[in-house]
**Q** 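Below is a structure I'd like to ask you about.
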Amino acid sequence: MTRPAPLPVADLAQLHDKLLDWFARTARDLPWRRNASPWAVMVSEFMLQQTPVSRVLPVYKAWVQRWPTPAALAAESPGEAVRAWGRLGYPRRALRLHAAATAIVDRHGGEVPSSLEDLLALPGVGAYTAAAVSSFAFGGREAVLDTNVRRVFARVVRGEQFPPDSVTSAERDLASGLLPVRDAHRWAAATMELGALICTARSPRCDACPVADLCRWRAAGYPAYDGPVRRGQAWHGTDRQCRGRLMAVLREAPGPVPKSALDAAWADAVQRERALDGLVADGLVDPLPDDTYSLPR
DNA sequence: GAGGCGTGGTG
DNA sequence: TCACCAAGCCT
């Protein structure tokens, strides 16, 4: 695998200046960017994992109003967190955010920790979220590698349409090497914003791109992605769809539901039982002694 | 490391 | 229409 030549220092300086300037002029006014507390930033990052901004906005606002601190969330049942998660998807995130709040109260006196190590030790916090909270909540200088940043760097620096399937050490090294000495947290937000709004996966708006003149993918004539075929996520008829139906029944009920209510949500009994067992194993559903089911208490 | 895990907007 | 895609994490 040949590596692209490193970006000349002059080009790197231009990249920094142009992108930071573009971001300063055009950044979206998102609530978690408006002097939000570290906890609010963490809530937004959990919600934004694999979920678009537009769908996160209303749920985020309700959450930070209802649970303005880790202690406030930790004082509730995990089931309330799952219910308030609504239709954001991946409800295990709600469970993990609740567990993270509890850990923050237990281990950090109720204050979101600022070190990468402490953040990574929290449930539901991986490499991306730890770096994002460090950067956006505390102004830390960390390489923030999300799907947007990876695509931007693949194109602008490596000259390729898409990054590899999973994060490589080469990508981490590249991202670290590109970090500006100052304003690294703005750089992180700017590269994410460029990927989200301009350098998009399907139809990039190169005419509006502030660094189009530096982009190696553009200079190379937009060569098509040359790598393994990426598998789409199956959905119709899968256990995931079934789990979603069962969770919807539980979310919408005010309390425990009879087994019959779950049975009515999915026809295939074998698959339904398997999915329900999985939800119980995940801690998303509590089977009660009277043969009813509820969100975890 | 590959696969499982929700949901809805979009080209 | 219907795959594809979206600020990943965990096992």
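A, B, ... follow the sequence lines: proteins, then strands. Residue 1 opens every chain.
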**Q** Mind listing the closest non-hydrogen atom pair of A/R55 and A/L88 along with its distance?
**A** NH2-O, 3.2 Å
**Q** Measuring from the side chain of A/T129 (C-beta onward, heavy atoms only), which nucleotide among B/dG6, B/dT7, C/dG8 has the closest atom?
**A** C/dG8
**Q** In whole angstrom, give me the gap between the P atoms of C/dA7 and B/dG4.
**A** 23 Å
**Q** Given atom OH of A/Y90 and atom P of C/dT11, what is their separation to the nearest angstrom?
**A** 16 Å
**Q** Closer than 4.0 Å, any side-chain N/O of A/R33 to the OP1 or OP2 of C/dA7?
**A** no
**Q** Counting heavy atoms from C-beta on, name the nucleotide in C/dG8, B/dG4, B/dT7 closest to the side chain of A/R251.
**A** B/dT7
**Q** If you check every side-chain atom of A/T147, which of B/dG6, B/dT7, C/dA7 has the closest atom?
**A** C/dA7
**Q** Are a donor atom and an acceptor atom from the side chains of A/Y90 and A/R240 found within less than 3.5 Å of each other?
**A** yes
**Q** What's the closest nucleotide to the A/T51 side chain, out of B/dG6, C/dA7, B/dC5?
**A** B/dG6
**Q** How would you label the contact of A/V125 with the nucleic acid (heavy atoms, under 4.0 Å): base, sugar-phosphate, or nothing?
**A** sugar-phosphate
**Q** Can A/R25 and A/D21 be counted as an ion pair, charged N to O under 4.0 angstrom?
**A** yes
**Q** Taking the side chain of A/S203 as heavy atoms from C-beta outward, which of C/dG8, B/dG6, B/dG11 is closest to it?
**A** B/dG11
**Q** Rounding to an integer number of Å, can you tell me how far A/M192 CE sits from C/dA6 C1'?
**A** 12 Å
**Q** Salt bridge (charged side-chain N to carboxylate O under 4.0 Å, His left out) for A/R83 and A/E76? Distances and angles first, verdict last.
**A** CA-CA 11 Å; A/R83 193 189 304 281; A/E76 287 265 13; over 6 Å; no
**Q** State whether the side chain of A/R151 and the backbone N or O of A/F162 hold a donor-acceptor pair below 3.5 Å, judged by distance alone.
**A** no
**Q** In whole Å, what separates the P atom of B/dG6 from that of C/dT11?
**A** 14 Å
**Q** If you check every side-chain atom of A/A201, which of B/dT7, C/dA6, C/dC9 has the closest atom?
**A** C/dA6
**Q** When the distance from CH2 of A/W235 to C1' of C/dC2 is rounded to whole Å, what number comes out?
**A** 15 Å
**Q** Would you measure the distance from the P atom in C/dC4 across to the matching atom in B/dG3 and give it in whole Å?
**A** 16 Å
**Q** Among the nucleotides B/dG11, B/dT7, B/dG6, which one has an atom lying closest to any side-chain atom of A/R202?
**A** B/dG11
**Q** Side chain of A/L30: nearest nucleotide among C/dC5, B/dG6, C/dA7?
**A** C/dA7
**Q** Give the rounded distance in Å between these two atoms: CD of A/E45 and C1' of C/dA6.
**A** 14 Å
**Q** Can you measure A/L88 atom CG to B/dG6 atom C1' for me and round it to whole angstrom units?
**A** 10 Å
**Q** Any side-chain N or O of A/R55 under 4.0 Å from OP1/OP2 of C/dA6?
**A** no
**Q** Using the closest heavy atom to pick a nucleotide of DNA chain B for each, name whichever of A/S54 or A/R243 lands nearer the 5' end.
**A** A/R243
**Q** Taking atom C1' of C/dA6 as reference, at what distance in whole Å does atom CD of A/Q233 sit?
**A** 9 Å
**Q** So what does A/W32 touch, heavy atoms closer than 4.0 Å: a base, only the sugar-phosphate, or nothing?
**A** base
**Q** When all nucleic acid strands are considered with a 4.0 Å heavy-atom cut-off, which category describes A/R205: base, sugar-phosphate, or nothing?
**A** nothing
**Q** Identify the heavy atoms of A/Q271 and A/T238 that sit nearest to each other, and give their distance.
**A** NE2-C, 3.3 Å
**Q** Salt bridge check: are A/R186 and A/E193 linked by an N-O gap of less than 4.0 Å?
**A** no
**Q** Rounded to the nearest angstrom, tell me the gap between atom CE in A/M47 and atom P in B/dC5.
**A** 22 Å
**Q** From CG of A/L48 over to C1' of C/dC9, roughly how many Å is that when rounded to an integer?
**A** 15 Å
**Q** Checking all strands, does A/R151 fall into the base, sugar-phosphate, or nothing category for heavy-atom contacts under 4.0 angstrom?
**A** sugar-phosphate
**Q** Does a distance-only test, which skips hydrogens and angles, find a donor-acceptor pair under 3.5 Å between the side chain of A/R240 and the base of B/dG4?
**A** no
**Q** To the side chain of A/Q50, which of C/dG8, C/dA7, B/dC5 is closest?
**A** C/dG8
**Q** Between the side-chain atoms of A/T238 and the base atoms of B/dG4, is any donor-acceptor pair under 3.5 Å?
**A** no
